[in-house]
Amino acid sequence: MKAKITLAKEFRIGEIDKRIYGSFIEHLGRAVYGGIYEPDHPTADENGFRQDVIELVKKLNVPVVRYPGGNFVSGYNWEDGVGPVENRPKRLDLAWGTTEPNLFGTNEFLAWCKKADAQCMMAVNLGTRGPEEARNIVEYCNHPSGSYWSDLRISHGVKNPHNIKLWCLGNEMDGHWQMCAKTATEYGRVALEASKMMKWTDDSIETVLCGSSGRYHPTFGQWEVESLDIAYDSVDYVSLHQYYGNQADDTPSFLAKSLELEEFIHTVICICDYLKAKRRSKKQINLSFDEWNVWYHSHNAPFDKWSIAPPLLEDIYNFEDALLVGSMLITLLRHCDRIKIACLAQLVNVIAPIFTQTGGGIFPQTIFFPFMHLSNYGRGSALLPLVDCEKYDCKEFTDVPYIEAIATFNEEKEEMTIFCVNKNLEENVVLDVNLLDFAGYKPIEFISMDGHAKNEVNSFENIAVQPHSNPLPQIDNSILTADLKPFSWNVIRLKKENSYEN
Ligand code: AHR
């Protein structure tokens, strides 16, 4: 099969905000305990942080990590997680039916972020608590000194403020599974007042309003309209969450889910812009896609109720999941003019690209690699390629392009990278890329993941699914030709010819 892509610098969608390559750590299962924090682990540093985990997190080049939930945050007392560890209470976590020992809290997470070269995106509890506790944690974290909460932080050994810039106003507040779930009007009011007071405490912060829990949630659409209409003037972003699964074992439909994602993003942008128009405002609300991933392998796995850090939501990802994760992130980049933040949910052990054994080893899951490629090479601006390829029909969708692609242009480094998924399960695609004004650019690397069965997975013993290099594609008369293997993930990196030495 043949396909064509046309690319030019003018096809610019927008500057990529690096926070689109964010991730998420929740107090859930073994994400914190046995994941990022395990004082008895052979690789643990003086803070109890696993160095093997930090090494892999750095490979992912994650600029921002959302914390501490997720559903957990809707019952969390942040004060339980600061101060002398021996005084911290153990609490029942009603979100996940476990016991939270509070050995790890705000200051530990901020110290971990520093080591992982990431910023913190902090979520406040707008379930069982409200604006008062939310503004207190902003003061605790960001106020330099001379007030009750900032001096308390200093007394906890943290002299300099954390200066956290990004704050989530609760989590999935329309979900019946959420502690103190709310109607859109109830939530809009609480979110507005919390955001106002948090910004009065520190006017440099940005806040994220909770969008609906998902596109198929009954309140989706109306929730965004109602709650954003109330909180518009104070908030900066609205959140989106989306997980996909292949329960029906229908790979063509599964790989086509990015079309649905596209529609979802488009709808939320329309809602934001409708509200902007309605109030004749100059203020634009952008999107924070702060939970996205494949999630279905681990549903309903049994565990011991009220235990501490049991293995929960530990999906082991297969090869086809890696292709959908690549397609999903490509889709987010196609909207990088409006999606400023996105968080792969989550980072370690819990539906995550990094998997550890408590007391033992570590391995990168299949989904680790497309994310790593995009996060490392997909910086600068995103270009919308003109893709001309055949399409397929499947049970859930019609007219699904076999090729899902995006290009990114790093002007400073004079590098352009093309990322594409070949969704054809049987056939190679001979891809011609018309380079137009990238004519002086030459390929420097062609990486792919291919040749795997859809259910192939990685393990502690064997990283069976991982990328490999291919011979460089040829360029003839400004047309680059690459052979994309059936059912594959592909990264073609180009650099301006006379800039090799940079
Ligand atoms: O990421 C796992 C859970 O999924 C989060 O706690 C919640 O926000 C979502 O429903």
Side-chain angles (χ1 to χ4, degrees), residues 22-33 35-36 62 64-76 78 91-98 100 109 121-128 166-182 187 191 208-220 223-224 227 237-245 261 264 287-301 303 309-317 321 324-325 328 341-355 365 367 371:
S23 189
F24 176 29
I25 285 284
E26 177 166 1
H27 280 252
L28 195 187
R30 297 188 309 119
V32 172
Y33 307 106
I36 61 175
V62 172
V64 65
V65 183
R66 183 167 174 251
Y67 173 86
N71 299 339
F72 171 80
V73 80
S74 295
Y76 184 49
W78 67 267
R91 299 266 189 203
L92 297 188
D93 167 26
L94 307 188
W96 299 105
T98 57
E100 170 54 51
F109 184 66
M121 177 184 194
M122 183 67 86
V124 297
N125 176 355
L126 293 188
T128 60
L166 200 51
W167 294 81
C168 302
L169 302 166
N171 177 72
E172 297 189 349
M173 296 307 308
D174 64 340
H176 60 83
W177 55 90
Q178 209 67 221
M179 286 173 260
C180 296
K182 299 192 174 4
Y187 172 66
V208 183
L209 184 89
C210 285
S212 174
S213 308
R215 185 167 177 251
Y216 288 104
H217 203 63
T219 47
F220 173 64
W223 171 273
E224 277 80 357
S227 60
Y237 306 94
V238 62
S239 77
L240 296 84
H241 289 181
Q242 185 65 59
Y243 297 97
Y244 290 122
L261 184 65
F264 179 24
L287 276 48
S288 169
F289 213 122
D290 46 44
E291 287 188 35
W292 68 272
N293 202 349
V294 170
W295 172 15
Y296 75 106
H297 298 285
S298 65
H299 276 172
N300 305 323
F303 72 100
L312 282 180
L313 280 50
E314 297 201 345
D315 278 42
I316 297 298
Y317 289 109
D321 299 332
L324 184 63
V325 161
M328 288 178 81
I341 304 147
C343 304
L344 176 69
Q346 300 190 6
L347 186 55
V348 186
N349 292 333
V350 173
I351 44 174
I354 298 170
F355 199 82
Q365 296 236 40
I367 61 169
F371 186 94

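Order of listing sets the numbers, starting from 1, for every ligand and every atom in it.
Each of F24, E26, G70, N71, W96, N171, E172, Y243, E291, W295, Q346, I351 has a non-hydrogen atom positioned under 4.0 Å from some atom of ligand 1.
Annotation: side chain of V238 is not in contact with side chain of S288 (no heavy-atom distance under 4.5 Å).
For the atom pair D290 CG and L344 CG, the distance stands at 12.0 Å (nearest 0.5 Å).
Formation of a donor-acceptor pair under 3.5 Å by the Y76 side chain with backbone atoms of G69 is not found in this model.
Residues forming a ring-ring contact (aromatic ring centres under 6.0 Å, His included) with W223 (at least two apart in sequence, or on another chain): Y187.
For the pair R66 and F24, the distance from NZ or CZ to the six-membered ring centre is under 6.0 Å and the angle to the ring normal is within 45 degrees.
Looking at Q242 and E291, their side chains never bring a donor and an acceptor atom within 3.5 Å of each other.
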